[in-house]
*Asks:* 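Questions regarding the structure given below will be posed in turn.
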Amino acid sequence: MAAPLRIQSDWAQVLRKDEGEAWLSCHPPGKPSLYGSLTCQGIGLDGIPAVTASEGFIVNEINKKSIHISCPKESASSKFLAPYTTFSRIHTKSVTCLDISSGGGLGVSSSSDGSMKIWQASNGELRRILEGHVFDVNCCRFFPSGLVVLSGGMDAQLKIWSAEDASCVVTFKGHKGGILDTAIVDRGRNVVSGSRDGTARLWDCGRSACLGVIADCDSSINGVAVGAADNSINLGSPEQMPSEREVGTESKMLLVAREDKKLQCLGLQSRQPVFLFIGSDAFNCCAFLSGFLLLAGTQDGNIYQLDVRSPRVPVQVIHRSGAPVLSLLSFRDGFIATQGDGSCFIVQQDLDYVIELTGPDCDSVYKVATWEKQIYTCCRDGLVRRYQLSDL
């Protein structure tokens, strides 16, 4: 990865004013940072500002919501995208998690104000309040149907809700510590949860029963992901016959991001170990990119890309800053990552530049969700931001 470029968080507003100025910087690893500025030289008839960069930086292209900047000396190049719209009225405090329904119509989010809400994805208008967890809700997501929500809380409870009438239809009990992440198996007859109690559990939604403890370690489980395994991967065989209530667990892998610097992969149905990888710091999040490629992010800012077939040595380690990697999401032929310093960036194989989603000013971006060409983020500053990739 080339040296990361950074830009003033409100550049899109500042550069709309004549002689408006925004700062820029480039941070090559192990070398002094380079600093520069952008200046608006006037606004064109199309409403797009004419912008020049100070020495060492080049403006390749500018639109209403995006600007493409390069720093030739460090062969760094980034396209910065400003939010298309910002929702400030959904929550009053940090927005800690969010998801968008499969049809793109609804959003669900949780906040450190203790609430969990369903809202209209187009305008942020409140639709339902989901009440029932004691203490904070840590994670929330839609089932593939888009009509049902799965949430996990500090109260060690996992709940399923109707998005239509906000009723809680199922509560799973069994964890002894707060639930930090969840994953849905196939269409959602089974789900997985990861908890501070060091266990990852598989649940039967129809009978609200625990089908088994898949992983049990002496360390908080911060993130879980389920993925279909490539045929070449040996997932092992279950020691006993799986319950007929297990649906869709066959040939699936479970990835577990642990606080004790370990990333663990198991066969979901077999419960057998596939690999154990030791990273530089606590693992916060993980995601599958394919049937054998995966990503995991650490507290000290590393994003490890691993191949399940030869997991000892990472395919690559991406390090853009020392800020914690808070979420990772597979996206097109690449991924989106968010960090504790307010950065949210998209890496794609066929692009020689990084797409940076701007707006937060050093406030953690906790989670990212996508629907078609729209990207939604939630942030410590209490805002949900929506970006349009068509604005690029």
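We count residues from 1, following the sequence as given.
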*Asks:* Does the side-chain contact (heavy atoms from CB on, under 4.5 Å) test come out yes or no for Leu81 and Ser66, once each step is laid out?
*Replies:* CA-CA 4 Å; Leu81 182 61; Ser66 75; 4.0 Å; yes
*Asks:* How about Cys217 and Lys262: do any of their side-chain heavy atoms sit closer than 4.5 Å?
*Replies:* no
*Asks:* State, with a plain yes or no, whether a side-chain heavy atom of Ile303 is found less than 4.5 Å away from one of Val347.
*Replies:* no
*Asks:* Please determine if Arg320 and Glu356 form a salt bridge, counting it only when a charged side-chain N lies under 4.0 Å from a carboxylate O.
*Replies:* yes
*Asks:* May I ask you to decide if Ala323's main-chain N or O and Gln339's side chain share a donor-acceptor pair within less than 3.5 Å?
*Replies:* yes
*Asks:* Take the angle between the ring planes of Tyr304 and Phe277 and call it parallel below 30°, perpendicular above 60°, tilted in between.
*Replies:* perpendicular
*Asks:* Taking atom CZ of Arg332 as the centre, does the number of heavy atoms from other residues, nucleotides or ligands within less than 6.0 Å exceed 12?
*Replies:* yes
*Asks:* Near Arg89 CZ, under 6.0 Å, is it more than 12 heavy atoms from other residues, nucleotides or ligands?
*Replies:* no
*Asks:* Going through the checks in order, is the side-chain hydrogen bond (donor to acceptor under 3.5 Å, both in side chains) test met by Ser321 and His27?
*Replies:* CA-CA 9 Å; Ser321 82; His27 303 268; over 6 Å; no
*Asks:* Considering the options Val185, Leu158, Leu211, which one meets the side-chain contact (heavy atoms from CB on, under 4.5 Å) requirement together with Trp203?
*Replies:* Leu158
*Asks:* Same hydrophobic cluster for Val384 and Val365, using side-chain heavy-atom links shorter than 4.5 Å among ILVMFWY?
*Replies:* no
*Asks:* Tell me, do Leu5 and Cys71 make a side-chain contact under 4.5 Å, heavy atoms counted?
*Replies:* yes
*Asks:* Under the 3.5 angstrom rule, does the side chain of Asn284 hit a backbone N or O of Gly297 as a donor-acceptor pair?
*Replies:* no
*Asks:* Measure from the side-chain N and O atoms of Ser162 to the backbone N and O of Glu164, and report whether any donor-acceptor pair falls under 3.5 Å.
*Replies:* yes
*Asks:* Answer yes or no: is there an ion pair linking Lys93 with Asp113, defined by an N-O contact shorter than 4.0 Å?
*Replies:* no
*Asks:* Is any side-chain heavy atom of Ser151 closer than 4.5 Å to one of His133?
*Replies:* yes
*Asks:* Looking at residues at least two apart in the chain, or sitting in another chain, which of them share a salt bridge (Lys or Arg N to Asp or Glu O under 4.0 Å) with Lys65?
*Replies:* none
*Asks:* When you measure from the side chain of Ser364 to the backbone of Gly340, do you find a donor-acceptor pair of N or O atoms at a distance under 3.5 Å?
*Replies:* yes
*Asks:* If you measure only the distance, is there a donor-acceptor pair under 3.5 Å linking the side chains of Glu250 and Gln269?
*Replies:* no
*Asks:* Have Ser327 and Thr338 got a donor and an acceptor in their side chains that come within less than 3.5 Å?
*Replies:* yes
*Asks:* The test is side-chain contact (heavy atoms from CB on, under 4.5 Å); show your working for Leu263 and Leu255 and say whether it passes.
*Replies:* CA-CA 7 Å; Leu263 181 71; Leu255 199 54; 4.1 Å; yes
*Asks:* Tell me whether the rings of Phe345 and Phe335 are parallel (<30°), tilted (30 to 60°) or perpendicular (>60°).
*Replies:* perpendicular
*Asks:* Is it the case that more than 12 heavy atoms not belonging to Arg245 sit under 6.0 Å from its CZ atom?
*Replies:* yes
*Asks:* For Tyr353 and Ile69, run side-chain contact (heavy atoms from CB on, under 4.5 Å): C-alpha distance rounded to whole Å, both residues' side-chain angles, the deciding distance at 0.1 Å, then the answer.
*Replies:* CA-CA 9 Å; Tyr353 55 85; Ile69 308 279; over 6 Å; no
*Asks:* Taking the side chain as every heavy atom from C-beta outward, state whether Cys40 and Lys17 have any pair of such atoms under 4.5 Å apart.
*Replies:* no
*Asks:* Supply the atom-to-atom distance Arg386 CZ to Ser122 OG, rounded to the nearest 0.5 angstrom.
*Replies:* 7.0 Å
*Asks:* Under a 4.5 Å cut-off applied to non-hydrogen side-chain atoms, are Arg6 and Trp23 in contact?
*Replies:* yes
*Asks:* Kindly say whether Ile233 contributes a backbone atom to a donor-acceptor pair with the side chain of Arg309 at under 3.5 angstrom?
*Replies:* no
*Asks:* Do Ile221 and Val226 belong together in a cluster built from hydrophobic side chains that touch within less than 4.5 Å?
*Replies:* yes
*Asks:* If you look at every heavy atom in Arg380 and Tyr366, which pair is closest and at what distance?
*Replies:* CG-OH, 3.3 Å
*Asks:* For the residue pair Ser219 and Asp260, what are the closest heavy atoms and their distance?
*Replies:* OG-N, 2.9 Å
*Asks:* Could you tell me whether a side-chain N or O of Thr358 sits under 3.5 Å from a main-chain N or O of Phe80, the two making a donor and an acceptor?
*Replies:* no
*Asks:* Answer yes or no: does atom CG of Asp46 have more than 12 heavy-atom neighbours from other residues, nucleotides or ligands under 6.0 Å?
*Replies:* yes
*Asks:* May I have the step-by-step check of side-chain contact (heavy atoms from CB on, under 4.5 Å) for Asp99 and Cys140, ending in yes or no?
*Replies:* CA-CA 7 Å; Asp99 194 24; Cys140 53; 5.8 Å; no
*Asks:* For the hydrophobic clusters of this structure (ILVMFWY residues joined by side-chain heavy atoms under 4.5 Å, transitively), does one cluster hold both Phe87 and Trp371?
*Replies:* yes
*Asks:* With rounding to the nearest 0.5 Å, note down the distance linking CD in Gln8 to CD in Gln13.
*Replies:* 9.5 Å
*Asks:* I'd like to check Cys205 versus Val170 (side-chain heavy atoms, cut-off strictly below 4.5 Å). Are they in contact?
*Replies:* no
*Asks:* When you check the gap from the basic side-chain N to the acidic O, do Lys159 and Asp155 get nearer than 4.0 Å?
*Replies:* no
*Asks:* Within the 4.5 Å heavy-atom criterion, are Ile214 and Leu268 side-chain neighbours or not?
*Replies:* yes
*Asks:* Show the nearest heavy-atom pair for residues Cys344 and Thr377, with the distance to one decimal.
*Replies:* SG-CG2, 4.0 Å
*Asks:* What distance separates Phe172 CZ from Gln157 CD, expressed to the nearest 0.5 Å?
*Replies:* 11.5 Å
*Asks:* Out of curiosity, does Ile336 fall in the hydrophobic cluster containing Leu326 (side-chain heavy atoms, cut-off under 4.5 Å, transitive links)?
*Replies:* no
*Asks:* Any side-chain donor paired with an acceptor under 3.5 Å for Ser110 and Thr96?
*Replies:* yes
*Asks:* Any chance CZ of Arg196 has more than 12 other-residue heavy atoms, nucleotides or ligands included, within less than 6.0 Å?
*Replies:* no
*Asks:* Give a yes or no answer on whether the side chain of Asp18 reaches the backbone of Gly42 with a donor-acceptor pair at less than 3.5 Å.
*Replies:* yes
*Asks:* Using modelled atom types and a 3.5 Å cut-off, is there a donor and acceptor pairing between side-chain atoms of Ser111 and backbone atoms of Ser94?
*Replies:* yes
*Asks:* Is there a path of hydrophobic side-chain contacts, each under 4.5 Å between heavy atoms of I, L, V, M, F, W or Y residues, that connects Phe292 with Val274?
*Replies:* yes
